[in-house]
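Below: the structure, in structure tokens.
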Amino acid sequence: MDFETIYQNPRSDDDRERILRDLRAEIGSGNVSSDIADRISSSHGFWMVAERWTVEGKVAALPDVIAWPQSTGDVAKVLRYANDNRIPIIPYGGGSGVVGGCVPRYGGISLDIKRMNKLIEVDEVNLRATVQAGMNGMSFEHELRRRGYTMGHSPQSICCSSVGGWVATNATGHFSTRYGGIEEMLLGLEAVLPTGRTVRGECSPRRSAGPEVYSLFIGSEGTLGVITEVTFKIFPEPEGRFLTSYTYDTIDDSLESVRAIMRRGLRPAVVRIYDKEETKRHFYDYPEAENRVMAVFVIEGEEKVADVEKDECEKICSEYGVCTGEGPVRHWFETRFNVSETSLAPQYGAVFDTIETSVCWSRAPQFYKNTIKAMHSIDGVILASGHASHFYPQGVCFYFTFGGVPPKNQTALEFYQKVWDAAVSSFLENGGHISHHHGIGINRSRWLSRERSSEMIILQKIKQTMDPNNIMNPGLITPLEEGAQ
Amino acid sequence: MSGKYSWVLDALDIKVLGELGMRKSAWLIKNFISQKIQGKEESELLKCALCPNMCEFACPVLEVEGRQTVSPARKSRLASFYLRKNLNASEIGDNLYHCLNCDACKHQCPLDLSVSDLLIPVREMLRDEDAVPEGIKAVEAKLESSGTIYGEMSRGKYDGMKDGTGKILYFRGCVTRNKCPEIIDAVVDLLKSLGGDVQILPDEVCCGEPARNSGLRGAFKDAAGRNAKMLNDSGAEVIVCSCPGCVYALREAYPKHGFKIKPAVMHITEYLDMSIGDDMKLGLADEMDAVYHDPCILARKLGITREPRSVLSRLNNLRLHEPYFGREETYCCGHGGTLKFIDGGLAEAVAKRRVQHLSDYAKVIITSCPSCKSALKKASDNLEVLDIAEVIHQARK
């Protein structure tokens, strides 16, 4: 092998061989590998910085070995071994994360849960499904659809993420305005702690019996243990679905119309507002959208109810904008998983990424404008745009995109970080959060203490209690002090 | 300006020309345009490698093997690293052959990239380095010694058969001859009863498709050259195949490599759909519930999904069920590509997964490919697996 590794692995070849040998004895030789091809394949997720490194023939970081447990018992064996020997564990699901959450900066064991991909139960009476954490999201949704159900969780990464990863990153999906984020869909889970101990918790339909331990794993990003099984709410497939779209003069008008919809208690499954830049980028085939702000709506559920909901949404939207029919929504459905531009940008030499956040309604319009301005203020930025894609009675998620070329004497990474700094500083100064659904990873860790301020000490105590040797994805969420290197 | 990429040019006009200067903007535009136009193999491979694997849920190999390395985009990344000499052939191992050539990835890809096709030139380079897996080496040796992927081919009762003008040539294919001779009986009888003068080559060799997608360029060209000569000299007007892989080779791959086949090439389902008139009575003796399995190459690479259904819809007493993963959304039987030659257990695990899907619908599986029939039959304990020609043959009796 002949390539540069960005984060150097501290372990020797002998150490690596020992880990390999020991783990083979624990969970079988076919379930462990130190082949370079396997190590490269688990070297990062979909963090844009790492994509650029790939173009340059570099690798973000190499784990020492890959372990593919086949059962919760296997996970416990690997964790116990790692804990006894102070070896980092990096849980790996689909590897679709965009903030560097599965980059093995300190080497260690990449624990890939994809061989734990069984559907355990679809409980049609109680509307819940239990599945092993390594199942691919789209495969899970297909299993539900075959039976006439849906989870209502459809992130853009559904095709390449795992159900356990959804929980670990506190994800949300395109249809969240009706069905909620993963935290509202999760009914319980099974996880293995670094000591090898298994914990299970479930609260269908609800309980009041002290703080829920399982909820600690939501957004934990592999820092507390390994999620091995999850139970989610499911919904009968919607009987009726209605599509509509509107264009507006300004982003303010579009936001105001959706605020009014949410305030009325209406819950379209999908609402997406695209600023003028993004309208031009996505709806170039619709002349009526030229130089306008586009919003697409999907309203679904019991047919008669959804029909009324659609009428009410349209009445509100008509006060602020102009109806442009179903066409733009169909276009959105056809292209919503098309991420080809992210495959192309790094090859053109451009630096490109997306940054999501959320903010309350009262600040939303100015928040949007200030953030666009902040990103444009960085030398080399060519485009800065945004859309709003998840809505609540209290506020909205904005999803910003930037692209550009590093100025002279600046590396791609320095440029990238400058734009991120500008955007996230704008979020914090304007009353927003540092993330809405992509999580923290390596990329956002530098802002977490500002976001969580007085809560940080509690997060640290939880981490110390559950993972005293700091083997679980070290350095994420809570800063690394005495690493398990 | 309007159009898909107008936003790029607008952004460049405003920002780059104004603030970054002409030199950098010219460089960026040149980069952008050259990437759009070039479409070089390495560039295509890198595009795939940089994708977050949006097709991975559809990849049967990944689902069954559970190893990120063999996911579509990761295979492209490894190949890309190999082309740039970041990794050598031994470090790549046999990972680039963990592929069923099923194009499930292409079906999901916004850039219309087939990982199997992208990897063929890389596999050819590995062959040139003598770095192919042992199973593939064995296939090459068998092709060289016998002209088939099985090493030897027993002489069949139809070898060299020719009725009348022999205007319909039935190209049986290695798998049909070795694993499913009952399909040959059914097809020959059907073709004859439908009024054709049927002929079969005396020295038919493998179509070469397994060699082509394994990167065995020489073996493929050798097979293509031999078959092209025999087929073009046969005097046939139409070539009918049971195997979708043979149809793909003769119809699509041969011409791309300079071997033009003069007679029309048809899959048996196309021929039956064309030949069975609406007034022809077709009925099974007993009622049958069956589920149809679309072969990947037939459905995805050749786009043939209507014809088998059209033919089967003319049968009385047949209730045909559509599986959830059907038509272009089908799921490989496990015997696609050459995976079975390097990891038979893995290929069988894929077959079992497919049987699991299909067994929800009926006790009988009908398909249109000898490899699918062979794979599904082996993987199912209590299901009957029939080729479409056998079903129509039964119904014509």
Write down the atom of [X], the atom of [Y], and the distance for their closest heavy-atom approach.
{"X": "A:C160", "Y": "B:N53", "value": "CB-O, 3.3 Å"}
{"X": "A:D112", "Y": "B:G66", "value": "OD2-O, 4.4 Å"}
{"X": "A:I40", "Y": "B:F81", "value": "CD1-CD2, 4.1 Å"}
{"X": "A:C159", "Y": "B:M54", "value": "CB-O, 3.1 Å"}
{"X": "A:T54", "Y": "B:R84", "value": "O-NH2, 3.1 Å"}

Based on non-hydrogen pairs under 4.5 Å, which of B:N95, B:D360, B:I92, B:V70 is most in contact with chain A? B:D360

Who are the side-chain contact (heavy atoms from CB on, under 4.5 Å) partners of B:F341, not counting sequence neighbours? B:V139, B:I149, B:T338

The criterion is side-chain contact (heavy atoms from CB on, under 4.5 Å); which residues satisfy it with A:V99, sequence neighbours excluded? A:H438, A:N443, A:R444

Where along residues 319-326 of chain B does a heavy atom come under 4.5 Å of chain A, listed by residue number?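 Residues of residues 319-326 of chain B touching chain A at under 4.5 Å: B:Y324, B:F325.
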
Heavy atom to heavy atom, less than 4.5 Å: which residues from residues 104-116 of chain B reach chain A? B:P110, B:L111

Taking side chain as everything from C-beta outward and backbone as N, CA, C, O, which of these in [X] sits under 4.5 Å from a heavy atom of chain B? Side chain, backbone, both or neither.
{"X": "A:E4", "answer": "neither"}
{"X": "A:F3", "answer": "both"}
{"X": "A:S110", "answer": "neither"}

Quick one, A:N136 and B:E56 - any side-chain contact, counting heavy atoms below 4.5 Å?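 Yes, side chains in contact.
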
Note, A:K114 side chain near B:S71 side chain (heavy atom, < 4.5 Å): no

Using a cut-off of under 4.5 Å on heavy-atom pairs, state which of [options] scores highest against chain B.
{"options": "A:S42, A:S139, A:G57, A:S96", "value": "A:G57"}
{"options": "A:V55, A:N117, A:V98, A:T335", "value": "A:V55"}
{"options": "A:M135, A:E51, A:H142, A:R145", "value": "A:H142"}

Looking at A:D2 and B:K85, does any basic side-chain N land under 4.0 Å from a carboxylate oxygen? no

Side chain, backbone, both or neither: which part of B:N86 has a non-hydrogen atom closer than 4.5 Å to chain A?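 It is both, since atoms from each part get that close.
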
Under 4.5 Å heavy-atom distance to chain A, tell me which part of B:R67 shows up: side chain, backbone, both or neither. both

